[in-house]
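What follows is one structure encoded as structure tokens, with my remarks underneath.
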Amino acid sequence: MSDEGIVEQPSKELMGLATYLYSPGKSGLRAREGVLNGRRVQYFKGKSALNALTKSEDGKAPRVPSREEAIEWVQELLDFQLIVRCDRNAGDSRQLSVNPMQNFEEDAYYAWLYEGSQLMVILGGIGVVAVVLAGVMFPLWPSVLRNGTWYLSMLALGLLGLLFATAIVRLIIYLVTMVAAPQGLWIFPNLFEDVGFFESFVPLYAWEVPKDARPAPGSATLTAAAATSASEPASDQKKTE
């Protein structure tokens, strides 16, 4: 039999290396986002891939012992079309085009064609099908499960309604205090901030800091200390004088 029709597949070791580089949490290879032939892709610099393969952390041996061997591995990624060499547009660095020379150079850019492990996609699909089937078969559930589901759904709706009510009340209080006082008062100022669940309800209230009194751009606009600083007696200043 002829071997002409047999297509060589990448080795498990090469696929493991591709998965390692594709995950920035493991390799530290930070990819940028670009557009290649109308498709959104992640791309990186060749030098960054070599550094990720040859670095050693916490006393562990590097993934690849030498830089020369790392170059060979990255070239294999090119040969099996797991990555593709590309050039950036001079006017827009997000726009990429395929370079006709598919060889490795440290200063060149490479876009991922490999999409990572499909295990999570498969598990997600199975989960969606399981949820749909469970919903369709809801009338066949035992009464205990159906009652428990109903109570849980009512609890979730109640919490959601409480959140909306809190948001409306805090907005009304803020608008009223903006008219009655020079500063607006926020109830639960961190309610919609990017913080933890318990931190969202701390502090209980805070006065809004005027723009000219903010310490720096990007810093928090609210502070509970403003509530106490506004009530300090003027006698403290006289004592210091």
Side-chain angles (χ1 to χ4, degrees), residues 1-133 192-196 217-218:
M1 294 181 61
S2 175
D3 295 337
E4 294 180 357
I6 300 177
V7 179
E8 186 179 359
Q9 297 295 326
S11 63
K12 291 183 178 180
E13 190 175 1
L14 180 63
M15 294 304 298
L17 185 140
T19 303
Y20 170 76
L21 286 177
Y22 191 78
S23 174
K26 296 179 180 179
S27 64
L29 177 60
R30 301 295 177 182
R32 309 173 190 177
E33 191 173 277
V35 178
L36 179 64
N37 295 333
R39 174 188 173 191
R40 185 171 297 179
V41 295
Q42 301 288 330
Y43 72 97
F44 58 90
K45 202 168 187 177
K47 184 186 299 183
S48 300
L50 297 185
N51 294 337
L53 291 174
T54 56
K55 70 176 181 178
S56 58
E57 293 183 354
D58 300 330
K60 297 180 180 179
R63 188 88 178 189
V64 178
S66 66
R67 207 168 183 84
E68 291 73 18
E69 187 175 346
I71 293 176
E72 295 178 1
W73 279 114
V74 178
Q75 183 61 51
E76 281 199 48
L77 294 177
L78 279 167
D79 296 339
F80 284 99
Q81 297 183 356
L82 298 175
I83 60 175
V84 61
R85 180 174 173 176
C86 56
D87 297 323
R88 295 197 300 181
N89 190 312
D92 185 1
S93 60
R94 288 173 52 89
Q95 295 295 327
L96 308 174
S97 58
V98 178
N99 190 306
M101 301 297 295
Q102 290 298 308
N103 61 329
F104 179 79
E105 292 183 7
E106 292 194 20
D107 293 330
Y109 293 96
Y110 301 88
W112 282 108
L113 300 181
Y114 173 64
E115 296 182 350
S117 175
Q118 300 300 309
L119 178 60
M120 296 305 299
V121 176
I122 296 173
L123 293 178
I126 295 174
V128 170
V129 173
V131 170
V132 172
L133 287 177
F192 297 108
E193 297 296 328
D194 186 15
V195 295

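Source: prediction; values computed, not measured.
Counting heavy atoms from C-beta outward, Val64 and Leu17 have side chains that approach closer than 4.5 Å. You'll find the side chain of Gln42 stays beyond 4.5 Å of the side chain of Leu36, heavy atoms only. Under the 4.5 Å side-chain criterion, counting only non-hydrogen atoms from C-beta, Leu77 is in contact with Leu21. Residues Val98 and Asn37 form a side-chain contact, since some pair of their non-hydrogen atoms from C-beta on lies under 4.5 Å apart. Using a 4.5 Å cut-off on side-chain heavy atoms (C-beta onward), Val41 and Trp112 make no contact. Residues Val74 and Leu50 are in side-chain contact: their nearest non-hydrogen atoms beyond the backbone lie under 4.5 Å apart. Inter-residue side-chain proximity for Leu53 and Tyr20 is flagged as met; some heavy-atom pair is nearer than 4.5 Å. Proximity of Ile71 to Glu69: side-chain heavy atoms (C-beta onward) are nowhere separated by under 4.5 Å.
A donor atom on one side chain and an acceptor atom on the other are found under 3.5 Å apart for Thr19 and Tyr114.
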Begin from the C-alpha positions of Glu13 and Trp73 and carry the test side chain to side chain contact (heavy atoms under 4.5 Å, CB included) through to its verdict. CA-CA 10 Å; Glu13 190 175 1; Trp73 279 114; 3.5 Å; yes
Could you walk me through whether Arg32 and Arg88 pass the side chain to side chain contact (heavy atoms under 4.5 Å, CB included) check? CA-CA 12 Å; Arg32 309 173 190 177; Arg88 295 197 300 181; 2.9 Å; yes
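Across all non-hydrogen atoms, the minimal contact from Leu82 to Met15 is CD1-SD, 4.0 Å. Nearest heavy atom pair, residue Gly91 against residue Asn89, reads N-OD1, 2.8 Å. Taking each heavy atom of Pro62 and Thr54 in turn, the nearest pair found is CB-O, 3.3 Å. What you find for Arg30 and Pro24 is that their closest heavy atoms are NH1-CB, 3.6 Å. The heavy-atom pair separating Arg85 from Ala108 by the smallest distance is NE-CB, 3.5 Å. Smallest separation of non-hydrogen atoms from Tyr110 and Glu105: OH-N, 2.7 Å.
Within the 3.5 Å criterion, the main-chain N or O of Ser27 finds a donor-acceptor partner in the side chain of Lys55. In this structure, the side chain of Gln102 engages the main chain of Asn99 through a donor-acceptor pair within 3.5 Å.
Look at Arg40 and Glu115 and you find no salt bridge, because none of the NZ, NE, NH1 or NH2 atoms lies under 4.0 Å from a carboxylate O. The pair Glu106-Arg67 meets the salt-bridge criterion, since a charged nitrogen lies less than 4.0 angstrom from a carboxylate oxygen.
No close placement of the Tyr109 and Phe44 rings is indicated, their centers lying 6.0 Å or farther apart.
Summarising the geometry, atom CD belonging to Glu33 is positioned 10.5 Å from atom CG belonging to Leu96; distances are rounded to the nearest 0.5 Å.
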